[in-house]
Amino acid sequence: MSLIQKTAAELGALIAAREVSAVEVAQAHLDRIAEVDGRVNAFLHVDAESTLAQARQVDERLAGGENPGPLAGVPIAHKDVFTTADMPTTAGSKILEGWRPPYDATVTGRLRAAGLVILGKTNLDEFAMGSSTENSAYGPTHNPWDLSRIPGGSSGGSSAAVSAYEAPLSTGTDTGGSIRQPAAVTGIVGMKPTYGGSSRYGLIAFASSLDTPGPFARTVLDAALLHEAFSGHDPLDSTSIDAPVPPVVEAARQADVAGMRIGVVKEFGGEGYQPGVLARFHEAVDLLESLGAKVVEVSCPAFSYALPAYYLIAPSECSSNLARFDAMRYGLRVGDDGTRSAEEVMALTRAAGFGPEVKRRIMLGTYALSSGYYDAYYGQAQKVRTLIMRDFEAAFQQVDALVSPTTPTTAFPIGERADDPMAMYLADLCTIPTNLAGNAAISVPCGLADEDGLPVGLQVMAPVLADDRCYRVGAAVEKAFESRWGGPLLSRAPAL
Amino acid sequence: MSAITRDEVAHLARLSRLALADDELDHFAAQLDQIVGAVARVSEVAAGDIPPSSHALPLTNVFRPDAVRPSLTPEGALSGAPAVEDDRFRVPRILGEEE
């Protein structure tokens with residue numbers, strides 16, 4: 001098996017045992033990127049020299065007797081929405097083209113401290129707004145399973161990089177499903193930790209009450225190792241939770257659901273869901289039952305209103321957060337010819353620098369927050385948010401974890417929903433409630449849909465700070481499915 | 001119900017500091033009208049006595065000691081600026097000519 005096909009845990013062990021060097025592992029992944037990324041377009045920025053220098057440093061640290069942790073020397077693809085002092089950070093937007101931040105995000109710093117080798121920055125929907133990565137100003141990313149289809153979004157570069165074996169691990173951010181949905185449609189694992197469990201410091205803000213950094217990997221254990229490496233309290237983020245990281249790695253190794261109570265959310269499934277997605281989901285539920293879980297149906301009536309509530313709350317927060325792009329302190333400036341006022345330059349710059357989806361959301365948020373509409377839209381959406389939190393609370397009194405399909409459909413063709421915002425928004429139907437309530441959820445592969453042979457994801461939702469349950473259930477499902485399939489789902493993807 | 005007219009989009013664009021072209025106004029008016037129509041479903045929920053939630057988790061203010069600590073240098077802070085003059089951000093005029 002070649003180095004690029006190994007898991008992060010395997011690579012970390014080989015590097016720690018000095019059986020292979022971090023430089024060799026980095027080079028193998030750089031070669032893979034050179035070979036396939038012209039077709040996949042997962043990366044916005046790759047710097048081979050810097051990657052190899054980081055890898056050499058890790059090899060030296062290990063030679064010096066240092067032990068940075070189980071992922072030391074393992075390469076990672078980093079979503080281009082986290083600031084990196086040594087690489088450009090664009091958030092997929094023209095307004096930040098070529099920008100070099102003066103500081104590292106906390107997540108970036110923790111990756112470095114853990115000895116992870118950053119291969120480069122991955123493509124995303126502009127400012128993480130979207131479900132397909134088509135909203136990137138730098139062109140869409142292609143799904144390695146079928147290059148004519150979307151890799152999900154907003155973290156589509158990160159999901160494509162891992163599923164195309166360009167990196168064993170990547171980072172993402174999940175505001176309405178931007179980790180779980182891309183993981184589901186590319187056949188890999190993606191985890192949205194509890195809100196506040198991973199730091200937002202240096203993460204370019206979209207919707208501050210929802211944005212959550214999390215890991216992508218090809219196995220549940222790898223995702224847990226990465227989760228543990230970059231999570232935990234950060235005094236630089238005022239909403240960071242001051243509590244230990246849940247025992248996610250232990251749970252991923254435990255992989256046992258015997259005696260667990262698992263709830264199937266009644267409101268998810270039915271009209272608008274692809275039959276092949278529902279078939280694989282029901283198989284996964286049967287599998288959980290056969291592994292000793294007690295499965296019951298649970299009703300969460302407010303979940304039906306999660307999508308409209310989210311598309312009021314997230315744009316409202318975005319309209320406020322993106323006011324910082326004012327053409328004065330950093331980023332693009334257009335039309336400053338000496339005659340125009342600051343305000344005119346600001347409006348020209350924002351019109352030239354933001355893409356259509358970002359403009360739509362800024363205006364939608366401005367509308368929802370404007371006097372006369374505030375109570376009916378933003379205020380009402382915040383009440384729905386309370387009801388969704390109460391639904392979760394009631395559900396978790398009956399069950400330990402909830403399951404649903406991660407997405408209503410498999411990966412759709414690039415271009416199909418590009419100019420139909422409402423159709424695009426439906427991709428987040430099942431993932432949004434978790435963002436509004438702040439709890440944890442993972443997506444793990446559960447097979448291929450019969451209609452199109454494309455991957456389907458199983459979502460496992462757990463209470464706030466019970467992230468370990470996601471890994472426990474996810475790992476049990478992974479183990480049982482892989483023994484049934486005779487290997488990981490991704491091994492059935494066509495060769496690139 | 002047509003909630004969002006072209007004029008309303010022009011107003012929102014002004015508030016949002018977006019200098020939109022005429023064809024963009026038409027395009028966005030149709031799309032925003034459709035989106036607002038869909039998200040207005042939140043009004044179906046009887047939530048009169050339900051308290052609003054701005055965050056999922058209870059928030060308390062976080063303080064740090066009022067002590068000097070390392071921060072960005074002026075050079076670092078200005079490193080991404082579109083225009084710089086004398087260690088400051090150089091910006092277009094903020095006041096009118098006669099003010």
Side-chain angles (χ1 to χ4, degrees), chain A residues 99-103 195-196 209 235 238-239 241 302 305 308-309 311-312 319 323 326-333 336 338 340-348 350-351 354 356 359-360 362-364 366-367 370 376-377 379-387 389 421-422 436-439 464, chain B residues 3-4 8-9 11-21 24 27-28 31-32 34-45 47-57 59-64 71-73 75-83 89-97:
Chain A
W99 181 54
R100 288 213 175 222
Y103 69 102
Y195 176 82
S209 82
S238 64
T239 57
I241 300 174
Y305 294 93
Y311 278 101
L312 288 164
S319 71
D326 57 7
M328 300 299 136
R329 294 154 301 153
Y330 59 107
L332 185 70
R333 182 184 288 179
D336 184 14
R340 293 198 176 95
S341 70
E343 201 172 305
E344 287 166 330
V345 169
M346 204 181 290
L348 285 169
R350 288 161 63 83
F354 291 143
K359 290 176 184 168
R360 269 192 293 272
I362 289 174
M363 289 191 287
L364 182 60
T366 303
Y367 180 76
S370 54
Y377 292 114
Q380 180 73 5
Q382 286 189 310
K383 292 179 174 184
V384 172
R385 189 171 188 178
T386 306
L387 291 172
M389 289 159 62
M422 276 320 297
L436 292 172
N439 56 315
V464 166
Chain B
I4 309 256
E8 190 134 25
V9 176
H11 177 63
L12 291 172
R14 264 194 306 279
L15 292 175
S16 308
R17 303 291 185 271
L18 291 167
L20 297 186
E24 280 183 295
H27 196 61
F28 285 134
Q31 289 180 333
L32 288 174
Q34 190 203 2
I35 298 169
V36 169
V39 297
R41 274 187 60 224
V42 293
S43 65
E44 293 169 11
V45 181
D49 54 345
I50 304 295
S53 297
S54 63
H55 267 76
L57 308 175
L59 287 181
T60 49
N61 206 358
V62 178
F63 294 96
R64 64 170 173 81
S71 59
L72 289 182
T73 59
E75 196 189 30
L78 292 165
S79 62
F89 297 99
R90 186 186 158 85
V91 301
R93 71 182 162 79
I94 291 166
L95 303 173
E97 296 288 347

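Only a predicted model underlies this, so the values are computations on that prediction, with no experimental measurement involved. In what follows, every chain begins at residue 1, and chains take the letters A, B, ... in the order their sequences are listed.
If you measure heavy-atom distances from Val62(B) to chain A, the contacts under 4.5 Å come from the side chain alone. For Arg41(B), the parts lying near chain A are the backbone and the side chain together; criterion is any non-hydrogen pair under 4.5 Å. At a 4.5 Å heavy-atom cutoff, the contact between Arg360(A) and chain B is made by backbone and side-chain atoms alike. Interface residue Met389(A): only side-chain heavy atoms are found under 4.5 Å from chain B. No part of Glu75(B) comes within reach of chain A, as not one of its non-hydrogen atoms sits under 4.5 angstrom from that chain. With a threshold of 4.5 angstrom between heavy atoms, Leu72(B) approaches chain A through side-chain atoms but not through N, CA, C or O. Proximity to chain A (any heavy atom under 4.5 Å) is restricted, for Arg90(B), to the backbone atoms N, CA, C and O. The contact between Pro356(A) and chain B is made by backbone and side chain atoms together, counting heavy-atom distances below 4.5 Å. Only the backbone of Leu436(A) comes within contact range of chain B, judged by heavy atoms closer than 4.5 Å.
Chain B forms the most heavy-atom pairs under 4.5 Å with one residue out of Gly379(A), Ala323(A), Ala309(A), Pro421(A), and that residue is Pro421(A). In terms of heavy-atom pairs under 4.5 Å with chain B, the best-connected choice from Met422(A), Arg329(A), Glu344(A) is Arg329(A). For the set Arg100(A), Gln382(A), Met328(A), the count of heavy-atom pairs under 4.5 angstrom toward chain B peaks at Gln382(A). Ranked by non-hydrogen atom pairs under 4.5 Å with chain B, the options Ala302(A), Ala381(A), Ala342(A) are led by Ala342(A). Chosen from Pro52(B), Ala19(B), Ala56(B), Ser53(B), the residue pairing most often with chain A at heavy-atom distances under 4.5 Å is Ser53(B). Interface summary for chain B: among Tyr311(A), Tyr195(A), Phe354(A), the most heavy-atom pairs under 4.5 angstrom belong to Tyr195(A).
Heavy-atom contacts from other residues, nucleotides or ligands closer than 6.0 Å to NE2 of His11(B) number 12 or fewer. By the 6.0 Å contact criterion, CD on Glu343(A) is open, its count of non-hydrogen atoms from other residues, nucleotides or ligands being 12 or less.
Gln380(A) is linked by a side-chain hydrogen bond (donor to acceptor under 3.5 Å, both in side chains) to nothing, counting only residues two or more places apart in sequence or in another chain. Checked against side-chain contact (heavy atoms from CB on, under 4.5 Å), Ser16(B) has the following partners two or more places apart in sequence or in another chain: Ile362(A), Met363(A), Thr366(A), Leu18(B).
Note that CD1 of Ile35(B) and CZ of Phe28(B) are 9.5 Å apart. Values are rounded to the nearest 0.5 Å. Rounding to the nearest 0.5 angstrom, the gap separating the CG atom in Asp326(A) from the CZ atom in Arg333(A) is 9.0 Å. Separation of atoms OH (Tyr330(A)) and CH2 (Trp99(A)) is listed at 5.5 Å; rounding is to 0.5 Å. Remark: Leu78(B) CG to Phe89(B) CZ distance equals 5.0 Å, nearest 0.5 Å. Distance check: Arg385(A) CZ to Ser54(B) OG gives 7.0 Å after rounding to the nearest 0.5 Å.
Annotation: side chain of Leu32(B) is in contact with side chain of Leu364(A) (closest heavy-atom distance under 4.5 Å).
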